[in-house]
Amino acid sequence: MWTTPRSAGYRRAMWKSALRNTLARASPGRAAFIAIAAVGSALTAAPAHAYTDSTVPSALVLTVREIAPDATHLGVRVATLTCGPEVGGNHPRAQLACAELEAADGNLRALTDVPDPAICPQNFDPLVATISGTWHGAPLADYGTFSNRCVMRATTKSVFDV
């Protein structure tokens, strides 16, 4: 397996090599202390992926910006969405949006998995949709640019119906 300097495998191999060299040069008592400290720190290290706790409520801000062909903003719509034990915010379809985000585990790009794609007109009325906040305790920030509202709706379901 090839490893690159940025891969986890490369970092792990370098860490093991440095630990092996340090233990080889240390006295037996010091070597035992270093080994115990290394194992302890490895066990308490944070996981590489973001941990989410489904009991922690999610608080999100959703923004949809309409963009004119000359790159000026025509309008901005903003909604708040709270998902968790209780659904809230000023999102007009909060229950449905939370259910769809739950099914996708907060991943907007997973919402596009639809068996029958929508048939949308090919008019160009661009929109930029952003989402930011926390999803079950983990930070969440994403955005998408869509050619028109129909394409945005087909891609993000009811999440950006603001």
Side-chain angles (χ1 to χ4, degrees), residues 1-16 18 40-162:
M1 175 171 107
W2 292 96
T3 56
T4 62
R6 291 192 173 129
S7 70
Y10 178 83
R11 290 190 303 270
R12 194 175 310 113
M14 294 304 292
W15 182 80
K16 284 181 182 178
S41 67
L43 293 176
T44 59
H49 65 281
Y51 173 75
T52 60
D53 183 359
S54 60
T55 61
V56 176
S58 302
L60 303 168
V61 176
L62 307 161
T63 306
V64 177
R65 287 184 174 85
E66 298 176 23
I67 310 286
D70 62 352
T72 59
H73 293 285
L74 294 176
V76 178
R77 294 176 184 222
V78 179
T80 58
L81 181 63
T82 305
C83 302
E86 293 185 21
V87 175
N90 64 352
H91 192 287
R93 301 174 74 190
Q95 291 282 350
L96 183 58
C98 283
E100 290 169 350
L101 282 170
E102 271 306 326
D105 196 26
N107 182 0
L108 286 178
R109 297 172 195 280
L111 291 173
T112 60
D113 296 334
V114 292
D116 297 321
I119 298 172
C120 292
Q122 293 186 3
N123 58 324
F124 187 66
D125 298 319
L127 302 161
V128 176
T130 60
I131 185 170
S132 62
T134 58
W135 180 255
H136 296 307
L140 174 66
D142 201 357
Y143 75 96
T145 304
F146 305 95
S147 59
N148 58 48
R149 192 165 295 279
C150 177
V151 173
M152 182 181 72
R153 173 79 169 100
T155 306
T156 64
K157 297 187 179 179
S158 68
V159 175
F160 287 104
D161 283 355
V162 296

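Owing to the predicted nature of the structure, the values given are computational and were not obtained by experimental measurement. The figures that follow rest on heavy atoms only: side chains count, while hydrogens, waters and symmetry mates do not.
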Between the side chain of Arg93 and the main-chain N/O of Ala97, is any donor-acceptor distance below 3.5 Å?
-> no
For residues Leu96 and Lys157, determine if any side-chain heavy atom of one lies less than 4.5 Å from a side-chain heavy atom of the other.
-> no
What's the spacing between Thr145 OG1 and Arg65 CZ if we round to 0.5 Å?
-> 11.0 Å
Quick one: does Pro57's side chain get under 4.5 Å of Glu86's, heavy atoms only?
-> no
N/O donor-acceptor pair under 3.5 Å between Arg77 side chain and Val162 backbone | yes
Heavy-atom donor-acceptor pair, Asn148 side chain to Phe124 backbone, under 3.5 Å | no
Beyond-backbone contact of Gln122 with Ser147, side-chain heavy atoms, under 4.5 angstrom = no
With no hydrogens and no angle check, is any side-chain donor or acceptor of Thr63 less than 3.5 Å from a backbone partner on Val78?
-> no
Rounded distance (nearest 0.5 Å) linking atom SG of Cys83 with atom CH2 of Trp135 = 4.5 Å
Side-chain contact test, heavy atoms from C-beta onward, threshold under 4.5 Å: evaluate it for Thr155 versus Phe146 and give yes or no.
-> yes
Taking Asp105 for the side chain and Asn107 for the main chain, is one N or O donor matched with an acceptor at less than 3.5 Å?
-> no
Quick one: does Thr134's side chain get under 4.5 Å of Leu140's, heavy atoms only?
-> no
Check: Ile67 and Leu74 side chains under 4.5 Å, non-hydrogen atoms = no
What are the two closest non-hydrogen atoms of Cys98 and Val87, and how far apart are they?
-> SG-CG1, 3.8 Å
Yes or no on side-chain contact (heavy atoms from CB on, under 4.5 Å) for Leu108 and Val159, after CA distance, side-chain angles and deciding distance?
-> CA-CA 9 Å; Leu108 286 178; Val159 175; 4.1 Å; yes
Backbone N/O of Asn90 and side chain of Thr80: donor-acceptor pair under 3.5 Å = yes
Does some side-chain heavy atom of Leu81 sit less than 4.5 Å from a side-chain heavy atom of Leu62?
-> yes
State plainly whether the residues Arg149 and Asp125 are in salt-bridge range, i.e. N to O under 4.0 Å.
-> no
Please answer whether the main-chain N or O of Ser58 pairs with a side-chain N or O of His136 as donor and acceptor at a distance below 3.5 Å.
-> no
Once you round to the nearest 0.5 Å, how far does OG of Ser158 lie from NE2 of His91?
-> 6.0 Å
Would you sort out whether Leu127 and Val151 count as a side-chain contact (heavy atoms from CB on, under 4.5 Å), showing the intermediate values?
-> CA-CA 10 Å; Leu127 302 161; Val151 173; over 6 Å; no
